[in-house]
2 protein chains.
Amino acid sequence: MPDQKHCPDTHDRILDVAERLFMANGYEGTSMRMITSEAEVNLAAVNYHFGSKEALMREVFRRRLLWLNRERIVLLDALEAAAAGAPLKPSQVLEAFFGTLLRMGEDPALGGMVFLRLLGRTLTEPADFIRTFFAGEYAEVVERYKHALFRALPDVPQEEILWRFHFMLGSMSYALAGTDVLEIVTGYEPGDAMATDPAAARRLSARVMPFLLAGLRAPLPAPLASLSSPSATSGDSCDAPSGASSRVTPSPA
Amino acid sequence: MPDQKHCPDTHDRILDVAERLFMANGYEGTSMRMITSEAEVNLAAVNYHFGSKEALMREVFRRRLLWLNRERIVLLDALEAAAAGAPLKPSQVLEAFFGTLLRMGEDPALGGMVFLRLLGRTLTEPADFIRTFFAGEYAEVVERYKHALFRALPDVPQEEILWRFHFMLGSMSYALAGTDVLEIVTGYEPGDAMATDPAAARRLSARVMPFLLAGLRAPLPAPLASLSSPSATSGDSCDAPSGASSRVTPSPA
DNA sequence: GTCTATAATTTGATAGAC
DNA sequence: GTCTATCAAATTATAGAC
(Lines give C-alpha, C1' and ligand atoms only; values in the text may rest on other atoms or scores of the structure.)
Protein backbone atom coordinates (compact mmCIF):
# COMPACT_ATOMS: atom_id res chain seq x y z
CA MET A 1 0.00 0.00 0.00
CA PRO A 2 1.73 3.18 -1.12
CA ASP A 3 0.79 5.57 1.63
CA GLN A 4 3.84 7.76 1.65
CA LYS A 5 3.25 11.46 1.36
CA HIS A 6 6.27 11.92 -0.88
CA CYS A 7 6.09 12.48 -4.58
CA PRO A 8 2.45 13.04 -5.35
CA ASP A 9 3.77 14.09 -8.74
CA THR A 10 4.41 10.62 -10.11
CA HIS A 11 1.15 9.15 -8.87
CA ASP A 12 -0.98 11.98 -10.22
CA ARG A 13 0.98 12.44 -13.41
CA ILE A 14 0.33 8.82 -14.29
CA LEU A 15 -3.38 9.32 -13.68
CA ASP A 16 -3.52 12.50 -15.76
CA VAL A 17 -1.68 10.98 -18.71
CA ALA A 18 -3.64 7.74 -18.52
CA GLU A 19 -6.88 9.70 -18.52
CA ARG A 20 -5.91 11.52 -21.68
CA LEU A 21 -4.57 8.47 -23.52
CA PHE A 22 -7.50 6.24 -22.58
CA MET A 23 -9.72 9.01 -23.91
CA ALA A 24 -7.87 9.22 -27.20
CA ASN A 25 -7.15 5.52 -27.82
CA GLY A 26 -9.45 3.52 -25.60
CA TYR A 27 -8.38 1.06 -22.92
CA GLU A 28 -7.15 -1.73 -25.17
CA GLY A 29 -5.57 0.76 -27.54
CA THR A 30 -3.41 2.29 -24.84
CA SER A 31 -0.31 0.45 -23.61
CA MET A 32 1.48 0.95 -20.34
CA ARG A 33 4.53 2.06 -22.27
CA MET A 34 2.60 4.83 -23.97
CA ILE A 35 1.51 6.05 -20.56
CA THR A 36 4.85 5.83 -18.77
CA SER A 37 6.85 7.37 -21.59
CA GLU A 38 4.48 10.31 -21.97
CA ALA A 39 4.29 10.82 -18.20
CA GLU A 40 8.09 10.51 -18.06
CA VAL A 41 8.02 7.92 -15.32
CA ASN A 42 9.47 4.44 -15.19
CA LEU A 43 7.52 1.55 -16.63
CA ALA A 44 7.44 -0.22 -13.28
CA ALA A 45 5.95 2.84 -11.57
CA VAL A 46 2.44 2.01 -12.74
CA ASN A 47 2.45 -1.40 -11.18
CA TYR A 48 4.05 -0.04 -8.04
CA HIS A 49 1.44 2.69 -7.55
CA PHE A 50 -1.66 0.99 -8.89
CA GLY A 51 -0.97 -2.73 -9.16
CA SER A 52 -2.11 -3.39 -12.71
CA LYS A 53 -3.41 -1.76 -15.85
CA GLU A 54 -6.99 -2.60 -14.94
CA ALA A 55 -6.58 -1.11 -11.48
CA LEU A 56 -5.13 2.02 -13.07
CA MET A 57 -8.17 2.31 -15.30
CA ARG A 58 -10.48 1.98 -12.32
CA GLU A 59 -8.54 4.59 -10.36
CA VAL A 60 -8.69 7.02 -13.30
CA PHE A 61 -12.48 6.85 -13.03
CA ARG A 62 -12.76 6.50 -9.28
CA ARG A 63 -11.19 9.86 -8.47
CA ARG A 64 -13.61 11.63 -10.83
CA LEU A 65 -16.79 9.64 -10.24
CA LEU A 66 -16.38 9.96 -6.49
CA TRP A 67 -16.77 13.73 -6.79
CA LEU A 68 -19.39 13.61 -9.53
CA ASN A 69 -21.83 11.21 -7.97
CA ARG A 70 -21.38 12.64 -4.48
CA GLU A 71 -22.13 16.12 -5.83
CA ARG A 72 -25.19 14.75 -7.60
CA ILE A 73 -26.50 13.28 -4.36
CA VAL A 74 -25.82 16.50 -2.43
CA LEU A 75 -27.63 18.55 -5.06
CA LEU A 76 -30.60 16.23 -5.10
CA ASP A 77 -30.75 16.29 -1.31
CA ALA A 78 -30.81 20.09 -1.38
CA LEU A 79 -33.49 20.24 -4.07
CA GLU A 80 -35.72 17.77 -2.27
CA ALA A 81 -35.26 19.56 1.04
CA ALA A 82 -36.25 22.85 -0.58
CA ALA A 83 -39.27 21.21 -2.19
CA ALA A 84 -40.48 20.08 1.22
CA GLY A 85 -42.08 16.89 0.02
CA ALA A 86 -43.37 18.16 -3.30
CA PRO A 87 -42.13 16.46 -6.48
CA LEU A 88 -39.30 18.20 -8.29
CA LYS A 89 -39.64 19.60 -11.77
CA PRO A 90 -38.16 17.38 -14.50
CA SER A 91 -35.85 20.20 -15.47
CA GLN A 92 -34.51 20.37 -11.94
CA VAL A 93 -33.70 16.68 -11.94
CA LEU A 94 -31.99 16.86 -15.32
CA GLU A 95 -30.07 19.96 -14.35
CA ALA A 96 -28.81 18.28 -11.19
CA PHE A 97 -27.83 15.07 -12.97
CA PHE A 98 -26.50 16.25 -16.32
CA GLY A 99 -25.67 19.84 -15.40
CA THR A 100 -23.31 18.61 -12.69
CA LEU A 101 -21.64 16.37 -15.24
CA LEU A 102 -21.24 19.16 -17.77
CA ARG A 103 -19.84 21.49 -15.16
CA MET A 104 -16.91 19.11 -14.76
CA GLY A 105 -16.00 19.95 -18.33
CA GLU A 106 -15.45 23.57 -17.42
CA ASP A 107 -13.10 22.84 -14.54
CA PRO A 108 -9.75 21.29 -15.42
CA ALA A 109 -9.28 20.43 -11.74
CA LEU A 110 -12.23 18.04 -12.11
CA GLY A 111 -10.90 16.47 -15.27
CA GLY A 112 -12.32 18.96 -17.76
CA MET A 113 -13.40 17.88 -21.21
CA VAL A 114 -10.76 15.15 -21.26
CA PHE A 115 -12.56 13.20 -18.57
CA LEU A 116 -15.99 13.91 -20.03
CA ARG A 117 -14.92 12.53 -23.39
CA LEU A 118 -13.32 9.52 -21.73
CA LEU A 119 -16.51 8.84 -19.81
CA GLY A 120 -18.60 9.22 -22.93
CA ARG A 121 -16.69 6.67 -24.92
CA THR A 122 -16.15 4.26 -22.06
CA LEU A 123 -19.87 3.90 -21.40
CA THR A 124 -20.10 1.90 -24.63
CA GLU A 125 -16.98 -0.20 -23.98
CA PRO A 126 -18.34 -3.27 -22.35
CA ALA A 127 -15.13 -4.77 -20.99
CA ASP A 128 -16.36 -6.83 -18.10
CA PHE A 129 -14.22 -5.27 -15.40
CA ILE A 130 -15.34 -1.79 -16.44
CA ARG A 131 -19.00 -2.70 -16.46
CA THR A 132 -18.72 -4.25 -13.03
CA PHE A 133 -16.89 -1.22 -11.70
CA PHE A 134 -19.38 1.26 -13.16
CA ALA A 135 -22.33 -0.70 -11.82
CA GLY A 136 -20.98 -0.23 -8.32
CA GLU A 137 -20.05 3.42 -8.74
CA TYR A 138 -23.43 4.37 -10.20
CA ALA A 139 -25.74 2.19 -8.12
CA GLU A 140 -26.74 4.73 -5.49
CA VAL A 141 -27.02 7.82 -7.69
CA VAL A 142 -29.04 6.01 -10.36
CA GLU A 143 -31.45 4.72 -7.73
CA ARG A 144 -31.96 8.18 -6.28
CA TYR A 145 -32.49 9.90 -9.63
CA LYS A 146 -34.75 7.19 -10.93
CA HIS A 147 -37.18 7.81 -8.13
CA ALA A 148 -36.86 11.57 -8.44
CA LEU A 149 -37.92 11.22 -12.07
CA PHE A 150 -40.75 8.86 -11.15
CA ARG A 151 -42.12 11.51 -8.81
CA ALA A 152 -41.51 14.35 -11.28
CA LEU A 153 -43.46 12.56 -14.01
CA PRO A 154 -46.27 10.77 -12.19
CA ASP A 155 -48.33 10.20 -15.35
CA VAL A 156 -45.56 8.48 -17.31
CA PRO A 157 -45.17 4.75 -16.74
CA GLN A 158 -42.03 4.06 -14.78
CA GLU A 159 -40.70 1.68 -17.38
CA GLU A 160 -41.04 4.42 -19.97
CA ILE A 161 -39.11 6.81 -17.74
CA LEU A 162 -36.31 4.28 -17.43
CA TRP A 163 -36.08 3.94 -21.20
CA ARG A 164 -35.91 7.69 -21.58
CA PHE A 165 -33.28 7.96 -18.90
CA HIS A 166 -31.40 5.43 -21.00
CA PHE A 167 -31.83 7.52 -24.15
CA MET A 168 -30.76 10.69 -22.37
CA LEU A 169 -27.61 8.99 -21.16
CA GLY A 170 -26.98 8.01 -24.75
CA SER A 171 -27.32 11.49 -26.18
CA MET A 172 -25.03 12.83 -23.50
CA SER A 173 -22.51 10.02 -23.78
CA TYR A 174 -22.26 10.32 -27.54
CA ALA A 175 -22.13 14.09 -27.51
CA LEU A 176 -19.32 13.97 -24.98
CA ALA A 177 -17.35 11.35 -26.86
CA GLY A 178 -17.51 13.80 -29.73
CA THR A 179 -16.67 11.37 -32.50
CA ASP A 180 -19.40 11.94 -34.98
CA VAL A 181 -20.07 11.23 -38.59
CA LEU A 182 -21.42 14.77 -38.64
CA GLU A 183 -18.08 16.45 -38.29
CA ILE A 184 -19.64 19.76 -39.14
CA VAL A 185 -21.57 19.81 -35.92
CA THR A 186 -18.91 19.37 -33.35
CA GLY A 187 -16.16 20.87 -35.45
CA TYR A 188 -13.39 19.14 -33.57
CA GLU A 189 -11.19 16.13 -33.99
CA PRO A 190 -10.27 13.74 -31.17
CA GLY A 191 -7.15 14.97 -29.46
CA ASP A 192 -7.74 18.36 -30.93
CA ALA A 193 -7.31 21.52 -28.88
CA MET A 194 -10.95 22.48 -29.38
CA ALA A 195 -11.94 19.06 -28.17
CA THR A 196 -10.64 19.87 -24.72
CA ASP A 197 -11.79 23.50 -24.64
CA PRO A 198 -13.71 24.12 -21.39
CA ALA A 199 -16.13 26.35 -23.31
CA ALA A 200 -17.24 23.24 -25.20
CA ALA A 201 -19.12 22.10 -22.10
CA ARG A 202 -21.11 25.34 -21.94
CA ARG A 203 -21.94 25.27 -25.64
CA LEU A 204 -23.02 21.66 -25.39
CA SER A 205 -25.10 22.31 -22.29
CA ALA A 206 -27.17 25.04 -23.94
CA ARG A 207 -27.90 22.74 -26.87
CA VAL A 208 -28.46 19.42 -25.21
CA MET A 209 -30.52 20.25 -22.14
CA PRO A 210 -33.62 21.38 -24.08
CA PHE A 211 -33.28 18.31 -26.27
CA LEU A 212 -33.17 15.98 -23.30
CA LEU A 213 -36.04 17.66 -21.52
CA ALA A 214 -38.26 17.49 -24.58
CA GLY A 215 -37.43 13.84 -25.11
CA LEU A 216 -38.10 13.01 -21.49
CA ARG A 217 -41.53 14.60 -21.72
CA ALA A 218 -42.42 13.28 -25.16
CA PRO A 219 -45.94 12.02 -25.85
CA LEU A 220 -46.29 8.39 -24.97
CA PRO A 221 -45.94 5.94 -27.84
CA ALA A 222 -49.01 4.13 -29.05
CA PRO A 223 -49.62 0.95 -27.00
CA LEU A 224 -47.70 -0.87 -29.74
CA ALA A 225 -50.61 -2.81 -31.16
CA SER A 226 -49.46 -3.91 -34.60
CA LEU A 227 -45.95 -5.15 -34.16
CA SER A 228 -46.29 -7.25 -37.26
CA SER A 229 -45.96 -4.50 -39.85
CA PRO A 230 -42.50 -3.06 -39.33
CA SER A 231 -42.91 0.01 -41.52
CA ALA A 232 -45.90 1.33 -39.60
CA THR A 233 -44.86 0.65 -36.03
CA SER A 234 -43.21 3.91 -35.12
CA GLY A 235 -43.27 7.57 -35.96
CA ASP A 236 -46.63 7.85 -37.60
CA SER A 237 -48.55 8.27 -34.39
CA CYS A 238 -46.23 10.87 -32.99
CA ASP A 239 -46.80 13.82 -35.25
CA ALA A 240 -50.10 15.30 -34.26
CA PRO A 241 -49.62 15.95 -30.55
CA SER A 242 -46.38 17.74 -30.05
CA GLY A 243 -46.29 18.70 -26.43
CA ALA A 244 -48.21 19.72 -23.36
CA SER A 245 -51.60 18.70 -24.64
CA SER A 246 -50.86 15.00 -24.78
CA ARG A 247 -51.00 12.29 -22.16
CA VAL A 248 -47.85 13.41 -20.45
CA THR A 249 -48.52 15.78 -17.63
CA PRO A 250 -46.11 18.71 -17.63
CA SER A 251 -44.23 19.30 -14.44
CA PRO A 252 -46.20 20.93 -11.65
CA ALA A 253 -45.89 24.68 -11.22
CA MET B 1 -7.35 -10.42 -55.56
CA PRO B 2 -9.38 -13.40 -54.38
CA ASP B 3 -11.96 -13.68 -57.12
CA GLN B 4 -12.58 -17.40 -57.09
CA LYS B 5 -16.18 -18.51 -56.81
CA HIS B 6 -15.26 -21.47 -54.62
CA CYS B 7 -15.80 -21.60 -50.91
CA PRO B 8 -17.89 -18.61 -50.05
CA ASP B 9 -18.20 -20.34 -46.70
CA THR B 10 -14.79 -19.41 -45.39
CA HIS B 11 -14.97 -15.82 -46.55
CA ASP B 12 -18.40 -15.22 -45.09
CA ARG B 13 -17.85 -17.25 -41.95
CA ILE B 14 -14.88 -15.05 -41.11
CA LEU B 15 -17.02 -11.95 -41.58
CA ASP B 16 -19.83 -13.31 -39.45
CA VAL B 17 -17.58 -14.33 -36.59
CA ALA B 18 -15.57 -11.12 -36.78
CA GLU B 19 -18.77 -9.10 -36.63
CA ARG B 20 -19.87 -10.86 -33.47
CA LEU B 21 -16.50 -10.72 -31.72
CA PHE B 22 -15.86 -7.08 -32.61
CA MET B 23 -19.30 -6.38 -31.17
CA ALA B 24 -18.55 -8.20 -27.94
CA ASN B 25 -14.92 -7.17 -27.40
CA GLY B 26 -14.23 -4.17 -29.59
CA TYR B 27 -11.63 -3.94 -32.34
CA GLU B 28 -8.53 -3.83 -30.18
CA GLY B 29 -9.97 -6.41 -27.83
CA THR B 30 -10.42 -8.99 -30.57
CA SER B 31 -7.44 -10.90 -31.91
CA MET B 32 -7.14 -12.64 -35.24
CA ARG B 33 -6.70 -15.91 -33.41
CA MET B 34 -9.99 -15.47 -31.58
CA ILE B 35 -11.68 -14.97 -34.93
CA THR B 36 -10.06 -17.82 -36.82
CA SER B 37 -10.46 -20.36 -34.05
CA GLU B 38 -14.13 -19.58 -33.54
CA ALA B 39 -14.77 -19.56 -37.30
CA GLU B 40 -12.80 -22.81 -37.57
CA VAL B 41 -10.60 -21.52 -40.35
CA ASN B 42 -6.86 -21.28 -40.59
CA LEU B 43 -5.10 -18.27 -39.15
CA ALA B 44 -3.65 -17.33 -42.52
CA ALA B 45 -7.10 -17.31 -44.12
CA VAL B 46 -7.91 -13.83 -42.84
CA ASN B 47 -4.90 -12.25 -44.47
CA TYR B 48 -5.50 -14.25 -47.62
CA HIS B 49 -9.11 -13.13 -47.99
CA PHE B 50 -8.94 -9.61 -46.58
CA GLY B 51 -5.33 -8.58 -46.41
CA SER B 52 -5.14 -7.31 -42.86
CA LYS B 53 -7.09 -6.95 -39.65
CA GLU B 54 -7.98 -3.35 -40.46
CA ALA B 55 -9.25 -4.33 -43.89
CA LEU B 56 -11.32 -7.08 -42.29
CA MET B 57 -12.90 -4.54 -39.94
CA ARG B 58 -13.74 -2.27 -42.86
CA GLU B 59 -15.25 -5.14 -44.82
CA VAL B 60 -17.39 -6.16 -41.84
CA PHE B 61 -18.96 -2.71 -41.97
CA ARG B 62 -18.89 -2.21 -45.71
CA ARG B 63 -21.19 -5.13 -46.53
CA ARG B 64 -23.79 -3.82 -44.05
CA LEU B 65 -23.48 -0.07 -44.58
CA LEU B 66 -23.70 -0.51 -48.33
CA TRP B 67 -27.21 -1.87 -47.96
CA LEU B 68 -28.21 0.46 -45.13
CA ASN B 69 -27.24 3.75 -46.66
CA ARG B 70 -28.41 2.78 -50.12
CA GLU B 71 -31.80 1.85 -48.69
CA ARG B 72 -31.92 5.15 -46.84
CA ILE B 73 -31.30 7.05 -50.06
CA VAL B 74 -33.90 5.05 -51.95
CA LEU B 75 -36.48 5.66 -49.24
CA LEU B 76 -35.76 9.38 -49.14
CA ASP B 77 -36.00 9.56 -52.92
CA ALA B 78 -39.40 7.90 -52.77
CA LEU B 79 -40.66 10.15 -50.00
CA GLU B 80 -39.53 13.30 -51.77
CA ALA B 81 -41.01 12.16 -55.04
CA ALA B 82 -44.34 11.51 -53.34
CA ALA B 83 -44.20 14.91 -51.65
CA ALA B 84 -43.86 16.57 -55.05
CA GLY B 85 -41.68 19.41 -53.85
CA ALA B 86 -43.30 19.91 -50.47
CA PRO B 87 -41.14 19.51 -47.35
CA LEU B 88 -41.36 16.17 -45.62
CA LYS B 89 -42.64 15.77 -42.10
CA PRO B 90 -39.93 15.38 -39.45
CA SER B 91 -41.37 12.01 -38.51
CA GLN B 92 -41.02 10.82 -42.09
CA VAL B 93 -37.37 11.77 -42.18
CA LEU B 94 -36.65 10.09 -38.86
CA GLU B 95 -38.56 7.00 -39.85
CA ALA B 96 -36.59 6.70 -43.07
CA PHE B 97 -33.24 7.24 -41.38
CA PHE B 98 -33.59 5.45 -38.06
CA GLY B 99 -36.44 3.11 -38.96
CA THR B 100 -34.35 1.61 -41.74
CA LEU B 101 -31.52 1.09 -39.29
CA LEU B 102 -33.75 -0.58 -36.73
CA ARG B 103 -35.28 -2.82 -39.35
CA MET B 104 -31.84 -4.36 -39.89
CA GLY B 105 -32.06 -5.62 -36.32
CA GLU B 106 -35.08 -7.73 -37.20
CA ASP B 107 -33.44 -9.44 -40.17
CA PRO B 108 -30.51 -11.75 -39.44
CA ALA B 109 -29.64 -11.69 -43.13
CA LEU B 110 -28.84 -7.99 -42.70
CA GLY B 111 -26.75 -8.54 -39.61
CA GLY B 112 -29.53 -8.45 -37.05
CA MET B 113 -28.96 -7.08 -33.59
CA VAL B 114 -25.33 -8.18 -33.67
CA PHE B 115 -24.49 -5.64 -36.33
CA LEU B 116 -26.62 -2.94 -34.75
CA ARG B 117 -24.81 -3.32 -31.45
CA LEU B 118 -21.45 -3.36 -33.21
CA LEU B 119 -22.35 -0.16 -35.03
CA GLY B 120 -23.55 1.46 -31.84
CA ARG B 121 -20.35 0.88 -29.96
CA THR B 122 -18.04 1.55 -32.88
CA LEU B 123 -19.42 5.04 -33.43
CA THR B 124 -17.63 6.08 -30.26
CA GLU B 125 -14.37 4.30 -31.03
CA PRO B 126 -12.26 6.93 -32.65
CA ALA B 127 -9.54 4.77 -34.14
CA ASP B 128 -8.35 6.85 -37.05
CA PHE B 129 -8.86 4.29 -39.78
CA ILE B 130 -12.44 3.68 -38.63
CA ARG B 131 -13.29 7.37 -38.51
CA THR B 132 -11.91 7.89 -41.98
CA PHE B 133 -13.80 4.92 -43.30
CA PHE B 134 -17.09 5.98 -41.72
CA ALA B 135 -16.73 9.52 -43.00
CA GLY B 136 -16.64 8.17 -46.54
CA GLU B 137 -19.46 5.68 -46.09
CA TYR B 138 -21.79 8.24 -44.49
CA ALA B 139 -20.96 11.33 -46.53
CA GLU B 140 -23.77 11.13 -49.06
CA VAL B 141 -26.55 9.92 -46.81
CA VAL B 142 -25.80 12.49 -44.12
CA GLU B 143 -25.81 15.28 -46.67
CA ARG B 144 -29.18 14.19 -48.04
CA TYR B 145 -30.84 13.82 -44.66
CA LYS B 146 -29.41 17.05 -43.33
CA HIS B 147 -31.15 18.98 -46.05
CA ALA B 148 -34.34 16.99 -45.68
CA LEU B 149 -34.40 18.01 -42.01
CA PHE B 150 -33.60 21.62 -42.88
CA ARG B 151 -36.65 21.68 -45.12
CA ALA B 152 -38.82 19.82 -42.63
CA LEU B 153 -38.04 22.31 -39.87
CA PRO B 154 -37.78 25.66 -41.63
CA ASP B 155 -38.08 27.70 -38.42
CA VAL B 156 -35.26 25.96 -36.57
CA PRO B 157 -31.77 27.32 -37.23
CA GLN B 158 -29.80 24.87 -39.31
CA GLU B 159 -26.99 24.70 -36.80
CA GLU B 160 -29.51 23.71 -34.16
CA ILE B 161 -30.84 20.97 -36.40
CA LEU B 162 -27.32 19.60 -36.84
CA TRP B 163 -26.79 19.49 -33.09
CA ARG B 164 -30.05 17.65 -32.64
CA PHE B 165 -29.19 15.21 -35.41
CA HIS B 166 -26.02 14.64 -33.41
CA PHE B 167 -27.97 14.01 -30.22
CA MET B 168 -30.36 11.66 -31.97
CA LEU B 169 -27.48 9.64 -33.32
CA GLY B 170 -26.20 9.45 -29.77
CA SER B 171 -29.41 8.15 -28.27
CA MET B 172 -29.65 5.56 -30.98
CA SER B 173 -25.99 4.56 -30.85
CA TYR B 174 -26.03 4.14 -27.09
CA ALA B 175 -29.35 2.32 -27.05
CA LEU B 176 -28.03 -0.08 -29.68
CA ALA B 177 -24.74 -0.68 -27.91
CA GLY B 178 -26.91 -1.71 -24.99
CA THR B 179 -24.27 -1.38 -22.30
CA ASP B 180 -25.95 0.73 -19.73
CA VAL B 181 -25.52 1.60 -16.11
CA LEU B 182 -29.29 1.20 -15.95
CA GLU B 183 -29.29 -2.53 -16.35
CA ILE B 184 -32.95 -2.65 -15.43
CA VAL B 185 -33.93 -0.87 -18.58
CA THR B 186 -32.41 -2.98 -21.24
CA GLY B 187 -32.53 -6.14 -19.19
CA TYR B 188 -29.78 -7.82 -21.14
CA GLU B 189 -26.08 -8.40 -20.83
CA PRO B 190 -23.64 -8.04 -23.72
CA GLY B 191 -23.33 -11.32 -25.53
CA ASP B 192 -26.56 -12.41 -23.97
CA ALA B 193 -29.22 -14.19 -25.99
CA MET B 194 -31.73 -11.41 -25.38
CA ALA B 195 -29.17 -8.95 -26.65
CA THR B 196 -29.40 -10.45 -30.11
CA ASP B 197 -33.13 -11.08 -30.10
CA PRO B 198 -34.67 -9.60 -33.27
CA ALA B 199 -37.68 -8.49 -31.23
CA ALA B 200 -35.36 -6.15 -29.36
CA ALA B 201 -35.28 -3.89 -32.40
CA ARG B 202 -39.07 -3.58 -32.45
CA ARG B 203 -39.28 -2.89 -28.73
CA LEU B 204 -36.56 -0.28 -28.99
CA SER B 205 -38.17 1.34 -32.00
CA ALA B 206 -41.49 1.92 -30.25
CA ARG B 207 -39.67 3.56 -27.34
CA VAL B 208 -37.01 5.60 -29.04
CA MET B 209 -38.79 7.12 -32.02
CA PRO B 210 -41.15 9.33 -29.97
CA PHE B 211 -38.19 10.37 -27.83
CA LEU B 212 -36.15 11.39 -30.86
CA LEU B 213 -39.01 13.22 -32.51
CA ALA B 214 -39.76 15.22 -29.39
CA GLY B 215 -36.12 16.12 -28.95
CA LEU B 216 -35.80 17.17 -32.57
CA ARG B 217 -38.75 19.50 -32.19
CA ALA B 218 -37.88 20.84 -28.75
CA PRO B 219 -38.31 24.53 -27.97
CA LEU B 220 -35.26 26.50 -28.91
CA PRO B 221 -32.83 27.25 -26.09
CA ALA B 222 -32.58 30.80 -24.81
CA PRO B 223 -29.98 32.79 -26.79
CA LEU B 224 -27.53 31.86 -24.05
CA ALA B 225 -27.14 35.26 -22.48
CA SER B 226 -25.70 34.63 -19.02
CA LEU B 227 -23.02 32.04 -19.49
CA SER B 228 -21.32 33.20 -16.31
CA SER B 229 -23.66 31.56 -13.80
CA PRO B 230 -23.37 27.83 -14.44
CA SER B 231 -26.36 26.77 -12.37
CA ALA B 232 -28.81 28.92 -14.31
CA THR B 233 -27.65 28.43 -17.87
CA SER B 234 -29.81 25.57 -18.92
CA GLY B 235 -33.03 23.88 -18.09
CA ASP B 236 -34.85 26.64 -16.31
CA SER B 237 -36.08 28.26 -19.48
CA CYS B 238 -37.41 25.03 -20.90
CA ASP B 239 -40.18 24.23 -18.52
CA ALA B 240 -42.98 26.56 -19.37
CA PRO B 241 -43.39 25.94 -23.10
CA SER B 242 -43.57 22.25 -23.60
CA GLY B 243 -44.40 21.80 -27.23
CA ALA B 244 -46.29 23.10 -30.19
CA SER B 245 -46.86 26.58 -28.85
CA SER B 246 -43.19 27.53 -28.78
CA ARG B 247 -40.91 28.91 -31.43
CA VAL B 248 -40.52 25.62 -33.20
CA THR B 249 -42.99 25.23 -36.00
CA PRO B 250 -44.61 21.81 -35.94
CA SER B 251 -44.37 19.85 -39.11
CA PRO B 252 -46.75 20.89 -41.86
CA ALA B 253 -49.98 18.93 -42.21
C1' DG C 1 10.24 5.13 -4.57
C1' DT C 2 12.88 4.51 -8.68
C1' DC C 3 15.23 1.91 -12.00
C1' DT C 4 17.27 -2.00 -15.09
C1' DA C 5 16.64 -6.23 -16.95
C1' DT C 6 13.94 -9.74 -18.25
C1' DA C 7 10.44 -13.28 -17.99
C1' DA C 8 6.32 -15.15 -20.22
C1' DT C 9 2.70 -14.38 -23.53
C1' DT C 10 0.40 -12.62 -27.25
C1' DT C 11 0.05 -10.03 -31.27
C1' DG C 12 -0.38 -9.27 -36.67
C1' DA C 13 1.65 -10.90 -40.58
C1' DT C 14 4.16 -13.97 -43.98
C1' DA C 15 6.97 -17.56 -46.43
C1' DG C 16 6.50 -21.65 -48.67
C1' DA C 17 4.85 -26.50 -49.13
C1' DC C 18 0.75 -28.80 -50.81
C1' DG D 1 -7.45 -22.03 -51.24
C1' DT D 2 -5.57 -24.19 -47.26
C1' DC D 3 -2.17 -25.29 -44.00
C1' DT D 4 2.26 -25.48 -40.99
C1' DA D 5 5.75 -23.14 -39.10
C1' DT D 6 7.68 -19.15 -37.85
C1' DC D 7 9.19 -14.26 -37.52
C1' DA D 8 9.55 -9.80 -35.45
C1' DA D 9 7.50 -6.93 -32.46
C1' DA D 10 4.74 -5.62 -28.65
C1' DT D 11 2.34 -6.71 -24.54
C1' DT D 12 1.71 -6.94 -19.07
C1' DA D 13 4.04 -7.93 -15.20
C1' DT D 14 7.84 -8.89 -11.89
C1' DA D 15 12.38 -9.75 -9.58
C1' DG D 16 15.97 -7.52 -7.48
C1' DA D 17 19.66 -3.84 -7.18
C1' DC D 18 19.98 0.84 -5.48
Side-chain angles (χ1 to χ4, degrees), chain A residues 1-61 63 122 125 127-130 132-133, chain B residues 1-61 63 122 125 127-130 132-133:
Chain A
M1 286 66 182
D3 240 335
Q4 294 80 346
K5 287 301 169 196
H6 305 104
C7 196
D9 296 320
T10 297
H11 182 273
D12 290 352
R13 207 160 58 241
I14 291 175
L15 283 179
D16 291 339
V17 170
E19 187 173 54
R20 183 157 41 83
L21 292 182
F22 285 149
M23 177 271 284
N25 313 112
Y27 175 76
E28 304 276 4
T30 303
S31 71
M32 310 266 284
R33 281 170 173 78
M34 294 166 65
I35 296 170
T36 54
S37 74
E38 189 143 338
E40 295 178 299
V41 301
N42 190 274
L43 174 61
V46 173
N47 283 296
Y48 173 78
H49 284 281
F50 301 99
S52 70
K53 187 187 176 185
E54 285 195 6
L56 170 62
M57 178 71 158
R58 278 191 292 264
E59 181 59 22
V60 164
F61 279 100
R63 69 167 174 168
T122 307
E125 278 196 29
D128 269 350
F129 82 95
I130 298 181
T132 305
F133 173 73
Chain B
M1 283 68 179
D3 241 336
Q4 293 80 345
K5 287 301 169 195
H6 305 104
C7 197
D9 296 320
T10 298
H11 182 272
D12 291 353
R13 206 160 60 243
I14 291 174
L15 284 179
D16 292 340
V17 170
E19 188 173 54
R20 182 159 39 83
L21 292 182
F22 285 149
M23 177 272 284
N25 311 309
Y27 175 75
E28 304 275 5
T30 304
S31 71
M32 311 265 291
R33 282 170 175 80
M34 293 166 67
I35 296 170
T36 54
S37 74
E38 189 142 339
E40 294 179 301
V41 301
N42 189 273
L43 174 62
V46 173
N47 284 296
Y48 173 79
H49 283 282
F50 302 98
S52 70
K53 187 186 176 187
E54 285 195 6
L56 170 62
M57 178 72 159
R58 279 191 292 264
E59 182 59 23
V60 164
F61 280 100
R63 68 168 175 168
T122 306
E125 278 196 30
D128 268 351
F129 81 96
I130 299 181
T132 304
F133 173 73

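Excluded from the calculations below are hydrogen atoms, water molecules and symmetry mates; all remaining heavy atoms, backbone and side chain alike, are included. So that the names make sense, note that chain A is the first sequence line, chain B the second, and so on, each numbered from 1. Every value quoted in this text rests on a predicted model; they were computed, and no experiment measured them.
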*Can B:T122 and B:F61 be said to form a side-chain contact (heavy atoms from CB on, under 4.5 Å), step by step?*
CA-CA 10 Å; B:T122 306; B:F61 280 100; 3.3 Å; yes

_Rounding to an integer number of Å, can you tell me how far A:H49 NE2 sits from D:dT14 P?_
15 Å

*Taking the side chain as every heavy atom from C-beta outward, state whether A:I35 and A:L56 have any pair of such atoms under 4.5 Å apart.*
yes

_Rounded distance (Å) that lies between atom P of C:dA8 and atom CG of A:L43_ = 17 Å

_Rounded distance (Å) that lies between atom C1' of C:dT14 and atom NZ of B:K53_ = 17 Å

*State whether A:T10 places a side-chain N or O below 4.0 Å from either non-bridging phosphate oxygen (OP1 or OP2) of C:dG1.*
no

*Want to settle it: does A:A44 or A:M34 sit nearer the 5' end of DNA chain D, counting the closest nucleotide to each?*
A:M34

*Return the value, rounded to whole Å, for the distance between atom CE of B:M32 and atom C1' of C:dT14.*
11 Å

*Are any side-chain N or O atoms of A:K53 and backbone N or O atoms of A:Y27, one a donor and one an acceptor, separated by less than 3.5 Å?*
yes

*Integer-rounded Å distance: C:dC18 C1' and B:Y48 OH*: 14 Å

_Between P on D:dT4 and CG on B:N47, what's the gap in Å once rounded to a whole number?_
16 Å

*Expressed in angstrom and rounded to an integer, what is the separation of B:M57 atom CE from C:dT11 atom P?*
17 Å

*asked:* Once you apply a heavy-atom cut-off of 4.0 Å, does B:T30 come out as touching a base, just sugar-phosphate, or nothing?
replied: sugar-phosphate

*Rounded off to whole Å, could you give me the CG-to-C1' distance for the B:N42 and C:dA13 pair?*
13 Å

*With respect to the phosphate group of D:dT11, does any side-chain polar atom (N or O) of A:S31 fall under 4.0 Å of OP1 or OP2?*
yes

*Taking side chain as C-beta onward, heavy atoms only, is B:R20 less than 4.5 Å from B:E38?*
yes

